[in-house]
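The block underneath contains the structure these notes are about, expressed in structure tokens.
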Amino acid sequence: MSRASDVIVIGRGPAGLLVSSLVVEQGGQVDMIADGLGTLPLWGGQFDFRSYDNDRKPVADPWAWWHRFGDTHPGGSVSAQMWRSWWQHLRDLWFTMEIPTEKLLPTKNRGTVTPLGRIKPAFLVPTWQFTQEYAGAITLVGVPDLVDFPVEAMARVYTWTTGMTAEIRWLERSPSWRPGWNGLNWAWYLDTEEGRRWLWEQVKSFRRGSAPLVFPQILGVDHTESLIEVLGELWGRGVAEIPLPPPSVGGLRLQRRWERWLRRKGVRLVQGRVKEIGGDFAALEGRRIHGGHVVLATGGVLGGGLEVLIDGQVRDRLMGLSLGVVKEPEDLASIGYRSWLEPTRVAGSALAGCDPNRHGDGGAMMLLTSHAVFSAVSGQEGRLEHAGRF
Amino acid sequence: MVIVIGGGASGLGLAWDLLLRSIPVMVVEMGDIGSGTSGRFHGLLHSGGRYVVSDVQAARECWEENRILKRVAGAAIKATGGYFLSVDDEGDAYVQDWVKGAEAIGLPVKEVAVGQIRETVENLGPWVRRGFSVPDGVLEGFTLLHLLRLNIENLGGEILTHTTVTDIRHENGRVVGVEVMDKDGPRVIACDAVVNAAGPYAGEVARLFHDGIAMQLSRGTMLIFANRRVPYVINRLAPPGDGDIIVPHGETAILGTTDVLQEDPGSTRATREEAQYLMQLGQRLFADMDRWRVLRAFTGVRPLYQDGQEIRDSRYISRDFTVIDHGQRRGLVGAFSLVGGKWTTYRLMAEHMADAVAAYLKVKRSSRTAEVPLQTAVEMDLRPGPTICECERVSLGQLARWPCASLTEWRTRSWFAMGPCQGTMCGHRGALLAMAVQTPSTALRELSQLRHERERGWWPTTWGDNARQWALGQALRHQTLAEEAWSDE
């Protein structure tokens with residue numbers, strides 16, 4: 001007879017991981033069920049607060065921005081103090097998971113660089129990601145045949161947009177290199193002793209420079225920080241990375257550390273496709289898992305929790321609920337659950353009203369929905385303490 | 001010299017025909033090669049089977065051209081064969097008429113047991129009753145257009161793209177030149193004759209000839225599926241209608257088509273409603289089509305011509321295609337229009353048009369396009385290099401063959417960005433590669449154009465897995481790459 005957990009979380013993307021973490025931090029028992037790998041490895045591991053205004057212009061101070069919403073945004077009624085406590089909590093949580101971030105919560109968005117060589121805003125990022133307060137000179141590291149990091153073109157775009165110089169240093173092909181290596185292949189290689197030693201020699205042979213050394217995101221999966229530390233000593237300046245398109249190493253690092261932490265806290269991770277849910281159970285092929293609450297963190301349309309039918313209807317796959325009909329692309333952002341409380345607990349991008357593509361508010365959306373769900377399940381569950389965390 | 005307006009099948013076909021008669025030619029195209037109707041069709045090389053009942057003349061021409069094109073343009077044609085399938089709600093009478101019609105034009109059709117067809121085509125609807133094999137094929141439109149371009153340029157013909165004809169110069173009612181506009185501004189090009197092969201824009205061009213022609217534009221929308229669901233062409237054996245053809249095209253299959261009159265020659269945006277409608281029709285042939293992985297929808301505008309006025313070549317009064325000599329009507333002397341027609345008969349259309357132009361120029365040579373095969377490019381032995389587009393397996397080496405090409409040209413030549421991810425993972429790579437010869441602003445603008453072009457056809461079919469793919473594409477474009485956002489200089 002299997003145990004009944006306090007909360008069943010379906011989905012292992014960022015929202016599912018955060019809800020599970022909140023519950024186990026309060027001493028609750030969690031079962032996570034997922035049929036895929038989760039969406040984190042699709043992204044570089046950057047958590048946005050509010051990157052763009054309604055005209056797609058970058059927002060410098062996201063703290064100030066959130067006051068302007070009022071009722072027009074699901075997060076409009078959240079106070080600055082609440083946001084601060086949520087972001088601070090996420091930072092602290094990462095710290096315990098050994099995901100490195102800066103000591104202080106950012107007061108403003110900073111600039112990171114995209115694989116197109118352009119600047120874009122970033123809020124909370126692990127320290128391995130390259131960010132700067134003001135655009136300055138950089139040195140890009142070219143990797144042979146890595147088509148997502150074409151340094152010559154990036155350098156031209158960077159100089160064209162910022163007016164600052166971008167020098168280039170090239171790595172050779174490593175002895176283990178194979179045609180078709182992507183960023184992830186490089187990262188696994190650079191986790192090995194052979195790879196690390198090879199890279200040290202390469203950087204030692206680089207012509208000196210005075211700007212930070214900016215790599216594509218390939219500097220290992222599990223041993224990134226120590227590698228970056230050594231490279232920093234060799235180069236004499238900052239060393240950091242720029243996230244690449246999927247498979248993204250930054251998100252994978254986060255997920256591995258996050259899930260390792262959850263498992264240490266006793267969370268069971270069940271691989272499987274949920275066929276049916278009820279108020280206190282989730283049914284997989286051939287088995288049923290019981291729990292006090294069921295939380296859906298199934299990732300919206302991309303995660304597969306919401307499906308779009310031929311006639312444009314958007315339906316929650318598990319709940320069988322129709323949430324609306326899409327006619328134009330913009331509709332996708334406005335279709336979803338209006339409330340995360342009914343009919344079940346929904347966290348993450350199934351919430352209507354956030355549009356991370358347009359606004360760069362994906363991190364805020366995750367915090368908002370995950371804390372709301374946590375507050376709802378813990379408020380109703382006697383064994384869980386909800387001792388006014390905020 | 002002859003100026004041909006329009007770089008589609010009929011325009012390039014005509015240029016090739018004239019060059020083989022040693023008549024110098026320049027083609028003026030307002031967009032890219034094949035950016036109009038010729039790049040927006042289902043890829044069916046007709047055997048004529050579709051028209052044996054409704055339009056015998058067109059059927060005869062298709063069957064004749066089908067055999068000629070396999071000979072002279074083999075590199076752009078896949079002789080897949082095809083089937084006409086009757087579904088149980090069609091009368092036997094039509095099937096009999098159809099078989100008789102096919103025999104009358106000498107089209108080799110053969111009845112094949114449906115059970116045998118089911119062995120090679122999965123999930124054919126249970127209501128399919130009879131099947132007939134026909135020599136249909138697949139005509140790879142862009143391949144043939146680029147082949148024509150290569151051969152035209154090899155014979156010294158010039159093709160100007162992104163160049164618009166703004167007016168015709170004439171003296172004593174006779175054409176002496178055209179005024180064109182390109183990114184460097186206006187200029188005048190002298191010529192002896194001008195031919196309007198502008199497809200759906202033919203009505204507008206004819207006005208420059210001081211003559212009007214009544215075009216009837218009809219939009220045809222098609223759906224592309226991500227897998228080659230059928231090994232050969234499947235037609236519904238019924239009077240030609242909507243959603244009754246499925247053509248295997250490379251790794252995809254195309255379902256066509258609709259037929260709706262419209263006014264605007266440039267309106268080629270497919271709608272969700274059209275995509276849904278086609279899915280309903282397609283499910284008459286394949287019951288499980290709603291589970292096929294769809295890629296995108298696209299719309300072509302058929303330039304149909306319905307004009308009873310003096311037609312130069314009376315043998316072709318068929319609604320099929322028409323050669324118009326404006327000098328014999330009320331328009332300029334030395335101005336011609338080539339209207340109507342279909343891809344399969346582009347060569348024949350070009351031949352008749354070239355006959356008229358040659359007669360006007362008093363050149364006695366006749367057409368050789370049915371005999372002279374199109375030469376294919378010499379394959380350069382390039383290091384393939386890293387893969388740029390994983391879906392279509394396009395390597396850096398392939399793109400490097402066309403170092404000055406635009407993203408659109410790279411796409412239509414190599415099929416880069418045409419696969420299931422619709423350029424999500426390779427669009428930015430292409431743009432950055434193009435920066436070897438372009439400025440950053442031009443390359444980034446082209447990237448934005450590529451995204452918009454892909455999304456136009458992608459959105460109408462965002463359901464099932466294609467909706468997830470769309471969501472991934474949007475997130476990558478707007479968040480990871482932040483392509484459309486203002487940069488914070």
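Predicted model only: the values in this text are computed from it and were never measured. Within every chain, numbering begins at 1; the chains are lettered A, B, ... in the order of the sequence lines, protein sequences first and strands thereafter.
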Value rounded to 0.5 Å, distance of CG in L244(A) from CG in L481(B): 10.0 Å
Contact summary for P440(B) and V157(A), nearest pair of heavy atoms: CB-CG2, 4.1 Å
Atom pair CD/CH2 of Q313(A) and W463(B) - distance to nearest 0.5 Å: 14.5 Å
Contacting moiety of P144(A), where chain B heavy atoms sit under 4.5 Å: neither
Residue part contacting chain B, namely of L309(A), when any heavy atom lies under 4.5 Å: backbone
V326(A) versus chain B, the contacting section by heavy-atom distance below 4.5 Å: both
Engaged part of P150(A) at the chain B interface, taking heavy atoms whose separation is under 4.5 Å: side chain
Sub-4.5 Å side-chain heavy-atom contact between L447(B) and L116(A): yes
Closest heavy-atom pair and its distance - P245(A), M425(B): CB-CE, 4.5 Å
Point-to-point distance, once rounded to the nearest 0.5 Å, from CZ of R358(A) to CD of Q474(B): 11.5 Å
Validation row: H478(B), R56(A) side chains within 4.5 angstrom (heavy atoms): yes
Flag side-chain contact, heavy atom, 4.5 Å: P246(A) against L476(B): yes
Student check: side-chain heavy atoms of T387(B) and V147(A) closer than 4.5 Å: no
Closest heavy-atom pair and its distance - R118(A), E483(B): NH1-O, 3.0 Å
Nearest atoms (heavy-atom pairs only) where R156(A) meets T439(B): NH2-CA, 3.7 Å
V308(A) side chain near W470(B) side chain, heavy-atom distance below 4.5 Å: no
Largest heavy-atom contact set with chain A, pairs under 4.5 Å, which of H428(B), M279(B), E390(B), R477(B): H428(B)
Within 6.0 angstrom of I168(A) CD1, more than 12 heavy atoms from elsewhere: yes
Exercise: identify the closest heavy-atom pair between K120(A) and Q479(B): NZ-O, 2.6 Å
